2 protein chains.
Amino acid sequence: MAQALTIGRVAEATQCKVQTIRYYEQIGLLRPPERSQGNHRVYRKTDIDRLLFIRHARDMGFPLEAVRDLLSLADTPEASCRAVDDIARTQLGEVERRIRRLTALKGELERMIAQCSGGTVSDCRVIEALGDHAHCEGDDHLAARAG
Amino acid sequence: MAQALTIGRVAEATQCKVQTIRYYEQIGLLRPPERSQGNHRVYRKTDIDRLLFIRHARDMGFPLEAVRDLLSLADTPEASCRAVDDIARTQLGEVERRIRRLTALKGELERMIAQCSGGTVSDCRVIEALGDHAHCEGDDHLAARAG
DNA sequence: CTTGAACCTACAGTTACTGTAGATAGTAGG
DNA sequence: CCTACTATCTACAGTAACTGTAGGTTCAAG
């Protein structure tokens, strides 16, 4: 890799959009890089490494605030690993919660589709199911509404 | 159920926030209800049924645009059920995609957590894994980045 | 009547990007 | 050098689906 890259080249190298890179700088996840005489951003390897860390954490589903915390911890090698562990466990719990929710939804959708008569809307089991409040109120999915 | 309800009572009855009800009216999913002399919204059973349909569809994960389409179809009983079926199948596909993505993430998080040494950040496998680009580039999860 | 709750509209915030407009900088080819 | 095109800049707004807040009006109970 070359010693210094413009933002577009960094975007290519990291598969992260130019606008997103600027966004991360704006919200403080990335430090402002050096600038050329023409005011173009000039990224060094450490900048790019940091961006890749961010992207990797985002890909793992960590919300930006958690990424911020992880970066802070990564910048503090003598800090306890416990905080990192906590963040990761919180995220794992969230992922498991989402999987459960989606799996239940999958089952419902499959049932609705299997019952679809292929005729007209007036006979439609999907529409009927969506409009069926007795069923709806008997389920716990309303009460368990997720974000 | 009483013949007519104010928005707050509808919100209670449907577990849908007042602001969200107003939002749905603003974006055209709900029709503007009658108004009292004091300009308060007055909801009838048909209004509430429509809101419950919307909530149910949202709970199933249908995006608002799809909910709009489903409502339109529900208002057209002689229309073909095929369109409804298509919407539901699209949503099912999306749910399956998300489950697959989350399940892969779960596995990764579990591996990272299992390797956490419980010492300091400098020995931390979570931080190391997030900063590990050789590993990162060898995986397909970067390429398969979801929204 | 008073007081507090419910309701109203208008506008902005949330999360994580993403796009657009108008202007400047950089580069390659003639 | 000139031209043309691409890349980059900042500022601001849009996206999806809500959600909150402010300031004002209406309603209901004591």
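We name chains A, B, ... by the order of the sequence lines, and we start the count at 1 in each one. Please read all numbers here as calculations on a predicted model, not as lab measurements.
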> Where each residue is assigned the nucleotide of DNA chain D containing its nearest heavy atom, which of P63(B) and Q37(B) is assigned the position nearer the 5′ end?
Replying inline: P63(B)

>> Is the shortest side-chain heavy-atom distance between D47(A) and R44(A) below 4.5 Å?
In response: yes

>> What is the separation between atom CZ on R68(B) and atom P on dA17(D), rounded to the nearest whole Å?
In response: 10 Å

>> Base, sugar-phosphate or nothing for R58(A)? Non-hydrogen atoms, less than 4.0 Å.
In response: sugar-phosphate

> Under 4.0 Å: is that the gap between some side-chain N or O of R35(A) and OP1 or OP2 of dT10(D)?
Replying inline: yes

> Between Q26(A) (CD) and dA16(C) (C1'), how many Å, whole number?
Replying inline: 12 Å

>> Looking at R68(A), I'd like to know if its CZ atom is crowded, meaning that more than 12 non-hydrogen atoms belonging to other residues, nucleotides or ligands lie closer than 6.0 Å.
In response: yes

> How many Å lie between OH on Y23(B) and P on dT14(C), as a whole number?
Replying inline: 17 Å

> Under 4.0 Å: is that the gap between some side-chain N or O of R22(B) and OP1 or OP2 of dA6(C)?
Replying inline: no

> Relative to the 5' end of DNA chain C, which residue comes earlier, Y24(A) or N39(A), by the nucleotide with the nearest heavy atom?
Replying inline: Y24(A)

> Does G38(B) or G8(A) map to a spot on DNA chain D nearer the 5' end, using the closest nucleotide for each?
Replying inline: G8(A)

>> Is there a side-chain contact between K17(B) and the phosphate of dA17(D), meaning an N or O under 4.0 Å from OP1 or OP2?
In response: no

>> Checking side-chain polar atoms at under 3.5 Å, does Y24(A) have a donor or acceptor matched by the opposite partner on R31(A)?
In response: no

> Would you find a donor on one side and an acceptor on the other, under 3.5 Å apart, between the side chain of R58(A) and the backbone of F62(A)?
Replying inline: yes

>> Please confirm whether the shortest side-chain N or O distance from Q19(B) to OP1 or OP2 of dC18(D) is below 4.0 Å.
In response: no

>> Rounding to an integer number of Å, can you tell me how far L29(B) CG sits from dA17(D) C1'?
In response: 11 Å

> Any side-chain N or O of R41(A) less than 4.0 Å from the OP1 or OP2 oxygen of dC9(D)?
Replying inline: yes

> From the list dC27(D), dG26(C), dC9(D), which nucleotide is the closest neighbour of the side chain of S36(A)?
Replying inline: dG26(C)

> Which whole-number value in Å describes the distance from H40(A) NE2 to dA23(C) P?
Replying inline: 16 Å

> If only side-chain N and O atoms of T20(B) are considered, is one of them under 4.0 Å from the OP1 or OP2 phosphate oxygen of dC18(D)?
Replying inline: no

